[in-house]
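First the proteins, then the strands, lettered A, B, ... as listed; each starts at 1.
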Amino acid sequence: MIENLFFMNGYGLYVWSAFSFTLISFLTLFLVIKIQYNKEKNKFIAKFGSLNSERAAFAKSQSVNKEILSNTSNI
Amino acid sequence: MFKYFEPNKIFSITSKAPKYVLFLFIVILSIGLTEALILSPEDYKQSHSVRIMYVHVPAAWISLGIFSAITFLSIVGYIFKIRNFFLIAKSLAPSGLVFNIIALVTGSIWGKPTWGTWWAWDARITSMLILALFYTMYLVAWRIFEDNDKAFKVTSIITILGIINVPIIKYSVDWWNTLHQPASINILSKSSIHISMLFPLMTMTAAFALFSLLIFLMKYNTELIKIKNKGLDRL
């Protein structure tokens, strides 16, 4: 059964390469988007940290900014 | 109604959703892969090579669906001046392009054992390649034009021109004599595909749709943080 799963009557190379290409593409896209996300988020945190207290208080009054700062559990 | 599409209102949802979508995607993909590679039967004519259908067809469907959605969002966004629609469209495009490339590459791999060639300038395949070019132009336009208004205009024009290609892709197998087989699944009439193959196909389609939703959410959040970064610069 295992042999049949790999070789698939001679079509195994085609089937496995199509599925592998798909899964590798998924993983690459996921990682690229995740890296971009982390980069922007770190930039945001660094910029926020450099604000003086008055400006930081104003920026923190915006709900989205609060969400970005509090949301560290993102994938 | 459009006030509900404001980024501030959406972000609280989009920032929390990816982890749940990722979990659901892994579960559905595992079921889909088991069905597609192990449990589904081989075809009486194409033997095991038919299994490529389970990645090729969903990828093609989703890339077409995403391009149609991008066009709709761009046109409505341009008419009603809803900037967030452009942000949503821009966030959908990367997964659309990747699904388009997957459809082309897996189609090429499937073509070798079935037609005896990796590539043919067939109407369906060529029109899918043209769609990939439109996706690329769309993404490049966002990078080139830093002025938002100009980017909105140019990307809308690209999607309007590109959408003309979508019905050509769909009906190319009916209008011309092509190597590519006609559609096996029809919404309005009886499908010619057996349930034992339809189930894994639909499961893989659901998994791919969840993956594009996951990428969209992550990209949308990134774009939103980018805007907020610019806002902090102006403070």
What side-chain donor-acceptor pairs closer than 3.5 Å can you find for residues 21-30 of chain A, not counting sequence neighbours?
residue, atom, partner, partner atom, Å
Thr22(A), OG1, Ala18(A), O, 2.8
Ser25(A), OG, Phe21(A), O, 2.7
Thr28(A), OG1, Ile24(A), O, 2.7

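Tyr54(B) places none of its side-chain heavy atoms less than 4.5 Å from the side chain of Thr106(B).
Annotation: residues 24-31 of chain B contacts chain A through Phe25(B), Leu29(B) [non-hydrogen atoms, separation under 4.5 Å]. Within residues 134-148 of chain B, no residue has any heavy atom closer than 4.5 Å to a heavy atom of chain A.
Rounded to the nearest 0.5 Å, atoms CG (Leu33(B)) and CG (Leu39(B)) are 11.5 Å apart. Within the model, atoms CG of Leu104(B) and CD1 of Ile109(B) stand 11.0 Å from one another, a figure rounded to the nearest 0.5 Å. Taking CD1 from Ile66(B) and CG from Leu73(B), the interatomic distance works out to 11.5 Å, rounded to the nearest 0.5 Å. In this structure, CG in Asn100(B) is found 9.5 Å from CZ in Phe67(B), a value given to the nearest 0.5 Å. Separation of atoms NE2 (His48(B)) and CH2 (Trp16(A)) is listed at 11.5 Å; rounding is to 0.5 Å.
Heavy-atom pairs under 4.5 Å with chain A were tallied for Ile215(B), Val50(B), Val98(B); the largest tally goes to Ile215(B).
Around NZ of Lys81(B), the count of heavy atoms belonging to other residues, nucleotides or ligands within 6.0 Å exceeds 12.
No donor-acceptor contact under 3.5 angstrom links the side chains of Asn221(B) and Ser15(B), judged on distance only.
Taking the six-membered ring where tryptophan is involved, the planes of Trp118(B) and Tyr14(A) are tilted, since the angle between them lies from 30° to 60°.
Looking at Ser95(B), the atoms closer than 4.5 Å to chain A (heavy atoms on both sides) sit in the backbone and in the side chain alike. Interface remark: Met53(B) contributes no atoms to any contact with chain A (heavy atom separation under 4.5 Å).
Residue pairs that meet the salt bridge (Lys or Arg N to Asp or Glu O under 4.0 Å) test with at least one member in residues 90-118 of chain B, sequence neighbours left out, are Lys90(B)-Glu223(B).
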